[in-house]
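Take a look at the following structure, please.
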Amino acid sequence: MSTAPGRSQTRQQGEEAPVSAMASQPASLLWSVYEHIAMVLGLSSLAVICLTWTPLALALYPVLPTPLGRWLGRQAIMRGFRLYVTILRTLCACRFDLSEIDTLRDQGPMVIAANHPSLLDAVLITSRLPDAVCFMKAELMDNPLFGAGARMARYVRNDHLLSAVQICRRELEQGAQLVIFPEGTRTVGYPENPLNPLSRSTALIASRAGVPVQTLIIEFSSPYLGKGWPLWRRPSLPLTCRVRLGKRFDVPRDARAFTAELDAHFRSELDTPSTAHATSAAA
Ligand SMILES: CCCCCCCCCCCCCCCC(=O)OC[C@@H](O)COP(=O)(O)O
């Protein structure tokens, strides 16, 4: 494997494939220019979509009755993020296999627990589910791009666990599907490290609401927008991601035992990479 001058032989954790690997992709310089353009296009289209909805959400939130506001807020996020995913697919050489998420749509209230390799995770999942409520980082709720839309959709902040458990229970009782990332933050060192330690919030919420936990296994071909990935750093394209159904656990009885089982399940699934991962290894 020949490498460009100044690039080390071994690939550091999270580092992109050496320039030479891109030689297999269409003319490498043109391709890396395209990767930059695609990145700017992708991030700016997300910003435009969120900034278009934010003033509307700010205006509607205080006036609409809660059930209508909640429904509209979640529809807007599903459709807004679906548009974003379509832009990534058509203009930014991204390949997403999200078809298995669709099978959950009419299956009623449940906790949907996924591993968290990238900032794109919640966007991909909520782009397929009409009644999804995210258990989200409080800081993100205070972010001008996301805050108004998240409040309108009655997303739940993660900074007060006791009240959050009650709010999640109420949303689940009304038929919602709660999306949660048991790692609490993006996976450090993905893909070499497949999973961070898990918090017990998933077990607490599911047991209190009396609902099952459906796991989702998310795999990316590169750690794009992963932990520590600079926002303006170009991705290695094509970017492939597959989200597949993992095990569905019954209502947790013991938070500690359940969390250990959940951890073991994610690790066994992530240690047997599916195609999405395989393609990157071959590249
Ligand atoms: C119509 C368009 C949509 C309008 C905007 C709606 C905003 C919805 C916000 C959805 C974000 C849900 C995120 C849930 C999970 C979460 O909170 O993840 C945090 C991590 O990722 C980042 O944390 P970290 O890795 O610790 O930096």
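Counting starts at 1 for both ligands and their atoms, in listed order. On a predicted model such as this, the values are computed, not experimentally measured, just so you know. Any value given below was found using the heavy atoms of this structure, including those in side chains, with hydrogens, waters and symmetry copies removed.
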**Residues that Arg157 engages under salt bridge (Lys or Arg N to Asp or Glu O under 4.0 Å), provided they are two or more places apart** =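 Listed in chain order: Asp142, Asp159.
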**Message:** A quick test of your reading: do over 12 heavy atoms of other residues, nucleotides or ligands sit less than 6.0 Å from CG of Asp250?
**Reply:**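 For Asp250, atom CG is not crowded (no more than 12 foreign heavy atoms under 6.0 Å).
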**Prompt:** With His116, which of Phe135, Phe266, Phe181 fulfils ring-ring contact (aromatic ring centres under 6.0 Å, His included)?
**Reply:**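 The option that passes is Phe181.
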**Donor-acceptor pair between Arg154 and Gln174 side chains, under 3.5 angstrom** =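 Note: Arg154 and Gln174 side chains miss the donor-acceptor criterion.
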**Prompt:** What's in the same ILVMFWY side-chain cluster as Val33, cut-off under 4.5 Å, chained through other members?
**Reply:**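 Taking Ile, Leu, Val, Met, Phe, Trp and Tyr as members, Val33 shares its hydrophobic cluster with Ile37.
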Are there any protein N or O atoms under 3.5 Å from the N or O atoms of ligand 1? List them with distances, or say none.
| unit_1 | atom_1 | unit_2 | atom_2 | d |
| --- | --- | --- | --- | --- |
| ligand 1 | 17 (O) | Lys137 | N | 2.8 |
| ligand 1 | 18 (O) | His116 | NE2 | 3.3 |
| ligand 1 | 21 (O) | His116 | NE2 | 3.0 |
| ligand 1 | 25 (O) | Thr185 | OG1 | 3.0 |
| ligand 1 | 25 (O) | Arg186 | N | 2.9 |
| ligand 1 | 25 (O) | Arg186 | NE | 2.7 |
| ligand 1 | 25 (O) | Lys227 | NZ | 3.4 |
| ligand 1 | 26 (O) | Lys137 | NZ | 2.5 |
| ligand 1 | 26 (O) | Thr185 | OG1 | 2.5 |
| ligand 1 | 26 (O) | Lys227 | NZ | 3.2 |
| ligand 1 | 27 (O) | Arg186 | NH2 | 2.8 |

**Message:** Just to verify, what does Leu64 make a side chain to side chain contact (heavy atoms under 4.5 Å, CB included) with, not counting sequence neighbours?
**Reply:**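 Once residues adjacent in sequence are excluded, the partners of Leu64 under the side chain to side chain contact (heavy atoms under 4.5 Å, CB included) criterion are Leu60, Leu68, Leu72, Met152.
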